[in-house]
Amino acid sequence: MFKRGIAMLVGASLLSACGTSDIEVIQLDYIKDQWNVESYSKEGKIVPIHETKEVLAACEGERTTELKGDVTVYQTVIAGREELVSSLNPYMMKVVTYLEGDERYVVCRESYTNQLMAETVDAFPSFVGTSEGIRVPRLPSIDQTPSSLKDKLAEADVLDFDGKQITPFPHTLLEVTPALYGNLEIELDGKVIRHPIAQFEPIGIEMPNQQIAIGYEKETSRPYVLYSYDGRFFVPHPIEFVELKDPESKENIVFSELSIQSIVESRELNEKESIPLYEFTYIKKGQQVTETMSARFVPGTLLKEDEEPTPMFEDWMPAYEEGPRVIAHRETFDGKTLSHPDFLEASKKESKEVVKILEEAVSVNRSGESLDFRYLTLIDGLKGQEFEISYTQRSKKVDIYLTDPLRDQTFKLSSEGAEAFLDIFPRMRESL
């Protein structure tokens, strides 16, 4: 998953034609109509971006692993692939941030990963405004919150989470000032808690401070970390420890008769330095114990050359995200999702077979009659390619032609390739 270029999936031969053709059949590129590209003003207003290819091609050069100097972030652009067909990966996206320190940088994140890659650039695209930006500190700070916010949390009384009634401890409310890039982890009695307090990455809008507090579900004796960006709406996460394989083990959930004391001092966090936040006092194995919850800032690292990002949600990301994928369809994509009667989707294995068939096609100066399913789209990662399908019926066989409209070039499948192509798309054969 998340491979750069189709060569990692089906071999370098995908990018050069085989057979007798001296013209490359497959030339993957960024297809503008497949993407919705937007940016946000400093105030958070949505701004459409029309330079789709410039955004998607960011971070394809030589990578850098360090953002030097005091960093100012100018703009972040989000490119999301339209949901072309109902069964194809709707999660593909790319986030590109333009920022400046000692040099100009672009920082990129592809799909659902929290790992970033970056490169230095001589100039930004024309749509990036540099008249003003956001200066982002490299280190976060933890501070006491105003009494008014603590009063609001006290007024909430209980928070409902998945049917559970969580009682907040208002005196534990703290404020986190964002940093440039990294995670703010928490530990209890030296054990790392599964959910970080915060994850930071460069973005182009003014981010509010984040609030955290501790809550308690009395029925199960389970504590929760409460997260908020506005001091009003809190999202609870149960305290679970990374080192334990079973998140539902008693060591993860039981904190009988819990009381908490806030012991934090307002300060900036140095890299990988732990500072105490709270003391947890509860009954453990029949004895009263006191354990310290601490916070530690872990700076983010940028991906090195040839390193691939790890997906955040690998356990549930569907297998069909991997490419290449091939779709035959009646109409061109016009921003709306095609329904099943209007498209034919090859399986992952069949898609690779179609790729091989196309590799053996030869360039010709003619085409045939249009088919009912007259379009063929290849998708791999962020790139793709579109063809128009036509045919000529002969006495004992069918000639299949694929035309690349961008190059105005037509390719003819081999006789064996045409038969295999129609076997993969039997409904297409029925429409001949």
Please report the C-alpha distance between N270 and L139 in whole Å, then the side-chain angles of each, then the deciding distance to 0.1 Å, and finally whether the side-chain contact (heavy atoms from CB on, under 4.5 Å) criterion is met. CA-CA 7 Å; N270 296 318; L139 300 174; 4.0 Å; yes

Indicate yes or no: at least one non-hydrogen side-chain atom of D342 is less than 4.5 angstrom from one of E331. no

Please give me the minimum heavy-atom distance between K150 and H171, naming the atom from each residue. NZ-O, 4.2 Å

Would you call D380 and L378 a side-chain contact if the rule is heavy atoms closer than 4.5 Å? no

In this structure, CE of M117 is separated from CD of E60 (nearest 0.5 Å) by 9.5 Å

Measure the shortest side-chain to side-chain distance between T377 and Q34 over non-hydrogen atoms and say whether it is less than 4.5 angstrom. yes

On a heavy-atom basis, the closest approach of V355 and P324 is CG2-CG, 4.0 Å

Which atoms form the tightest heavy-atom contact between E100 and Y74, and what is the distance? OE1-OH, 2.8 Å

Side chain to side chain contact (heavy atoms under 4.5 Å, CB included) partner of I214, the single match among L174, L173, I260, I166: I260

Does Y278 use its side chain to pair, donor to acceptor, with the backbone of T172 at less than 3.5 Å? yes

Atom pair CD1 (I327) and CD (E386), whose distance is rounded to the nearest 0.5 Å: 10.0 Å

Do side-chain atoms of E305 reach the backbone of R63 as a donor and acceptor pair under 3.5 angstrom? yes

Is the shortest distance from a Lys or Arg side-chain nitrogen in R104 or D122 to a carboxylate oxygen in the other one below 4.0 Å? no

Do the side chain of E51 and the main chain of S126 share a donor and acceptor less than 3.5 angstrom apart? no

If you count every heavy atom of other residues, nucleotides or ligands that lies below 6.0 Å from E273 atom CD, does the total exceed 12? yes

Can you tell me if S228 uses its side chain to pair, donor with acceptor, with the backbone of F233 under 3.5 Å? yes

So which atom in S294 and which in P276 form the shortest heavy-atom distance, rounded to 0.1 Å? OG-CA, 3.9 Å

Excluding sequence neighbours, so at least two apart, what forms ring pair (Phe, Tyr, Trp, His ring centres under 6.0 Å) with F297? none

Ignoring hydrogens and angles, tell me if any N or O in the side chain of S266 forms a donor-acceptor pair with the backbone of Q144 under 3.5 Å. yes

Does the side chain of T76 reach to within under 4.5 Å of the side chain of V95, using non-hydrogen atoms? yes

For D29, which residues count as a side-chain contact (heavy atoms from CB on, under 4.5 Å) partner, sequence neighbours excluded? K53

Ring centers of F280, Y216 separated by less than 6.0 Å: no

By ring pair (Phe, Tyr, Trp, His ring centres under 6.0 Å) - contacts of Y181 (at least two apart): none

Y30: what forms a ring pair (Phe, Tyr, Trp, His ring centres under 6.0 Å) with it, not counting sequence neighbours? none

Residues passing the ring pair (Phe, Tyr, Trp, His ring centres under 6.0 Å) test with F425, sequence neighbours excluded, are F421

Applying side chain to side chain donor-acceptor pair (under 3.5 Å) to S262 and not counting sequence neighbours gives none

With sequence neighbours excluded, what pairs up with P137 under the side-chain contact (heavy atoms from CB on, under 4.5 Å) test? none

Do you see a donor-acceptor pair shorter than 3.5 Å between the side chains of T120 and E103? no

Nearest 0.5 angstrom please: L303 CG to L116 CG, how far? 7.5 Å

Output yes when E268 and R138 qualify as a salt bridge under the 4.0 Å nitrogen-oxygen rule, no when they do not. no

To the nearest 0.5 Å, what is the distance between CG on N209 and OH on Y229? 10.5 Å

In chain order, what residues pass the side-chain contact (heavy atoms from CB on, under 4.5 Å) check against K285, with sequence neighbours excluded? none

Exam field: side chain R194 to backbone F241, donor-acceptor pair closer than 3.5 Å: yes

Any donor and acceptor pair, going by atom type alone, linking the side chain of Y105 with main-chain N or O of K68 inside 3.5 Å? yes

For the CG atom of L184 and the CG atom of L269, what is their distance to the nearest 0.5 Å? 6.0 Å

Under a 4.5 Å cut-off applied to non-hydrogen side-chain atoms, are F411 and I26 in contact? no

Let me see the working for V254 and Y282 under side-chain contact (heavy atoms from CB on, under 4.5 Å), right down to the final yes or no. CA-CA 9 Å; V254 177; Y282 65 102; over 6 Å; no

Side-chain touch P223/L258, heavy atoms, less than 4.5 angstrom: yes

Nearest-0.5 Å distance that lies between atom CD in Q27 and atom CG in D404: 7.0 Å

For Y224 and E217, which I'm curious about, is there any donor-acceptor pair between the side chains at under 3.5 Å? no

Please name all residues satisfying side chain to side chain donor-acceptor pair (under 3.5 Å) with T292, sequence neighbours left out, ordered by chain then number. none

Across all chains, not counting sequence neighbours, the salt bridge (charged side-chain N to carboxylate O under 4.0 Å, His left out) partners of D423 are R429

Would I203 and V73 satisfy side-chain contact (heavy atoms from CB on, under 4.5 Å), going step by step from the backbone distance to the final call? CA-CA 7 Å; I203 55 176; V73 180; 5.8 Å; no

Under 4.0 Å between a side-chain nitrogen and a carboxylate oxygen: does that hold for K284 and E291? yes

Partner residues of Y227 under the side chain to side chain donor-acceptor pair (under 3.5 Å) criterion, sequence neighbours left out: none

Test of understanding: with side chain to side chain donor-acceptor pair (under 3.5 Å), list the residues that count as partners of T64, not counting sequence neighbours. none

So, for Q75 and S39, which heavy atoms are closest and what is the spacing to 0.1 Å? NE2-OG, 2.9 Å

For residues L413 and L402, determine if any side-chain heavy atom of one lies less than 4.5 Å from a side-chain heavy atom of the other. yes

Has the side chain of K32 got a donor or acceptor atom that lies under 3.5 Å from a matching backbone atom of T52? no

Contact summary for L67 and L180, nearest pair of heavy atoms: CD1-CD2, 4.3 Å

Should E219 and K164 count as an ion pair when the cut-off is N to O under 4.0 Å? no

Passing option when H329 is tested against Y375, F343, F387 for ring-ring contact (aromatic ring centres under 6.0 Å, His included): Y375

Is there a donor-acceptor pair under 3.5 Å between the side chain of R109 and the backbone N or O of E201? no

After noting the C-alpha distance and the side-chain angles of W35 and R81, does the key distance pass the side-chain contact (heavy atoms from CB on, under 4.5 Å) rule? CA-CA 4 Å; W35 294 88; R81 173 172 278 149; 3.5 Å; yes

Under the criterion side chain to side chain contact (heavy atoms under 4.5 Å, CB included), which of L188, D189, I263 is the partner of M293? L188

